[in-house]
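Read the structure below first, then the notes.
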Amino acid sequence: MSDLRLIDHADWPAVHAVQTLAYPDFLHEPLSVLRDKQRLGPHSCWCARVDGRVQAYLLAHPWAGEDLPCWGQDGQPLSGKADQLFLHDLAIAPAAQGRGIAGRLLAAAEGQARAAGLSRLTLIAVQGAAGYWARHGFAPLALASPLPAAYGREACAMARPLLPA
Ligand SMILES: CC(C)(COP(=O)(O)OP(=O)(O)OC[C@H]1O[C@@H](n2cnc3c(N)ncnc32)[C@H](O)[C@@H]1OP(=O)(O)O)[C@@H](O)C(=O)NCCC(=O)NCCS
């Protein structure tokens, strides 16, 4: 049993704990960086409670142009008119994986992006998740410069157009 909601102030410690469970150390971002995503995307950062506690989240925010946001940094400005929803981080605690929760969070993001008039979803797949995203219609995205090594060797920028409903 799970329910989705926009992340509230009190949820952040639990969201940060999910990150610790879902990623290897080199992919952990400080809580300040995670929280800063909500500054850019106040209507597109969700968590999901599973069996009564937060065990999943999706942090996404509007973004503009061809250069994707930098990993591990807060305070990045939105330059220009947003044309995409950037999915910064989707993570499900291991105990809650395989129950369709990621799919529900992704559907919420898609709905929000459409409502905001954005034309595509973008992301950087890490730790072998490119296959997961490909199953959801994402394709590799050519960038002007290579991704920073901090993402790990398997990282891949990906995008999915949002066709009008
Ligand atoms: C990838 C992730 C978000 C999927 O969450 P989930 O809630 O288990 O996903 P769902 O239940 O909606 O979907 C599960 C399906 O996705 C598949 N899947 C999960 N991870 C996958 C991967 N890395 N590559 C391909 N398919 C994958 C499962 O095999 C399952 O397939 P099935 O429906 O045919 O059985 C979750 O495994 C996770 O949080 N991983 C750690 C953090 C991470 O890597 N996030 C993505 C960073 S870009």
Side-chain angles (χ1 to χ4, degrees), residues 1-7 11-31 33-38 40-41 44-63 66-74 76 84-114 118 120-143 145-162:
M1 176 91 179
S2 69
D3 66 273
L4 263 56
R5 64 170 186 236
L6 289 172
I7 293 175
D11 294 324
W12 284 107
V15 166
H16 199 220
V18 171
Q19 178 192 238
T20 305
L21 292 170
Y23 290 102
D25 288 357
F26 79 94
L27 285 172
H28 292 174
E29 290 181 302
L31 182 55
V33 173
L34 300 187
R35 293 189 70 142
D36 191 60
K37 300 301 167 188
Q38 201 175 41
L40 288 164
S44 49
C45 291
W46 297 268
C47 64
R49 278 192 312 174
V50 185
D51 302 332
R53 60 196 170 93
V54 171
Q55 296 203 57
Y57 65 86
L58 170 57
L59 309 180
H61 60 79
W63 195 245
E66 298 308 311
D67 293 327
L68 298 183
C70 298
W71 182 82
Q73 289 183 23
D74 54 23
Q76 296 180 76
Q84 63 199 268
L85 187 70
F86 178 70
L87 309 184
H88 172 75
D89 187 359
L90 170 66
I92 319 298
Q97 290 178 6
R99 298 201 220 172
I101 297 166
R104 290 180 56 208
L105 286 162
L106 186 55
E110 182 178 341
Q112 174 61 27
R114 286 185 191 282
L118 303 174
R120 60 188 182 140
L121 303 175
T122 53
L123 59 85
I124 296 169
V126 297
Q127 64 169 351
Y132 176 82
W133 294 111
R135 285 179 57 172
H136 288 274
F138 287 76
L141 175 66
L143 297 177
S145 28
L147 288 172
Y151 283 110
R153 274 181 299 166
E154 296 172 297
C156 175
M158 303 182 84
R160 193 186 109 187
L162 285 174

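Counting convention: from 1, in listed order, for ligands and their atoms alike. Reckoned from all heavy atoms, side chains included, excluding hydrogens, waters and symmetry mates. We count residues from 1, following the sequence as given.
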Quick one: which ligand 1 atoms are inside 4.0 Å of a heavy atom on Gly103?
12 (O)
Is Arg104 paired with Asp3 through a side-chain N to carboxylate O contact shorter than 4.0 Å?
no
Could you label the plane-to-plane angle of the Phe86 and His61 rings as parallel, tilted or perpendicular, counting under 30° as parallel and over 60° as perpendicular?
tilted
Select one of side chain, backbone, both or neither to describe which atoms of Leu123 lie under 4.0 Å from any atom of ligand 1, heavy atoms only.
neither
Ligand 1 atoms nearer than 4.0 angstrom to some heavy atom of Ile124 are 48 (S)
Taking every heavy atom of Ile7 against every heavy atom of Cys47, the minimum-distance pair comes out as CG1-N, 3.6 Å
Go through ligand 1 atom by atom and flag the ones less than 4.0 Å from a non-hydrogen atom of Ala129.
23 (N), 46 (C), 48 (S)
Just let me know how Gln97 lines up against ligand 1, side chain, backbone, both or neither, with a heavy-atom cut-off below 4.0 Å.
both
Does some non-hydrogen atom of the protein lie less than 4.0 angstrom from atom 35 (O) of ligand 1?
no
Of the protein's non-hydrogen atoms, which lies at the shortest distance from atom 2 (C) of ligand 1, and what is that distance?
Ile92 CG1, 4.4 Å
Say whether Val126, considering both its backbone and side-chain N or O atoms, lies within less than 3.5 Å of an N or O atom on ligand 1.
no
Minimum heavy-atom separation for Pro62 to Leu85, with atom names?
N-CD1, 3.7 Å
Starting from atom 46 (C) of ligand 1, what is the nearest protein heavy atom, named by residue and atom, and what distance separates them?
Leu90 O, 3.5 Å
Atoms in ligand 1 flagged as close to Arg99, the criterion being non-hydrogen separation under 4.0 Å
11 (O)
Arg99 and Val50: which non-hydrogen atoms are nearest, and at how many Å?
NH1-CG1, 3.4 Å
Between Arg120 and Glu110, is there a side-chain N and carboxylate O pair less than 4.0 Å apart?
no
among protein heavy atoms, the one nearest atom 20 (N) of ligand 1 is Tyr132 CD1, 4.1 Å
How close does the nearest protein non-hydrogen atom get to atom 33 (O) of ligand 1, and which residue and atom is it?
Arg135 NH2, 3.6 Å
Counting non-hydrogen protein atoms only, what is the nearest one to atom 9 (O) of ligand 1? Give residue, atom name and distance.
Ala102 CB, 3.5 Å
To check you understand the geometry: which heavy-atom pair defines the closest contact between Tyr151 and Ala155, and what is its length?
CB-CB, 3.4 Å
Ligand 1 atoms nearer than 4.0 angstrom to some heavy atom of Gly98 are 6 (P), 7 (O), 8 (O), 11 (O)
Looking only at non-hydrogen atoms, find the nearest pair between Leu58 and Ala109 and report the distance.
CD2-CB, 3.7 Å
Atom 48 (S) of ligand 1 - nearest protein heavy atom and its distance:
Trp133 NE1, 3.3 Å
For Ala125, the ligand 1 atoms whose distance to one of its heavy atoms is below 4.0 Å
48 (S)
Does either side chain, that of Thr122 or that of Gln84, offer a donor lying less than 3.5 Å from an acceptor on the other one?
yes
Quick check on side-chain hydrogen bond (donor to acceptor under 3.5 Å, both in side chains): which of Gln73, His16, His88 does Glu29 satisfy it with?
His88
Nearest neighbour in protein (non-hydrogen) for atom 42 (C) of ligand 1
Gln127 NE2, 3.4 Å
List every atom of ligand 1 that sits less than 4.0 Å from any heavy atom of Ala91, numbering the atoms from 1 in the order shown and giving each element.
39 (O)
In this structure, atom 23 (N) of ligand 1 is nearest to the protein heavy atom Gly128 O, 3.3 Å
Check this for me, if you would: do Arg35 and Asp74 make a salt bridge, where the nitrogen-to-carboxylate-oxygen distance has to be below 4.0 angstrom?
no
Decide yes or no for Val18 and Ile92: does some side-chain heavy atom of the first lie under 4.5 Å from some side-chain heavy atom of the second?
no
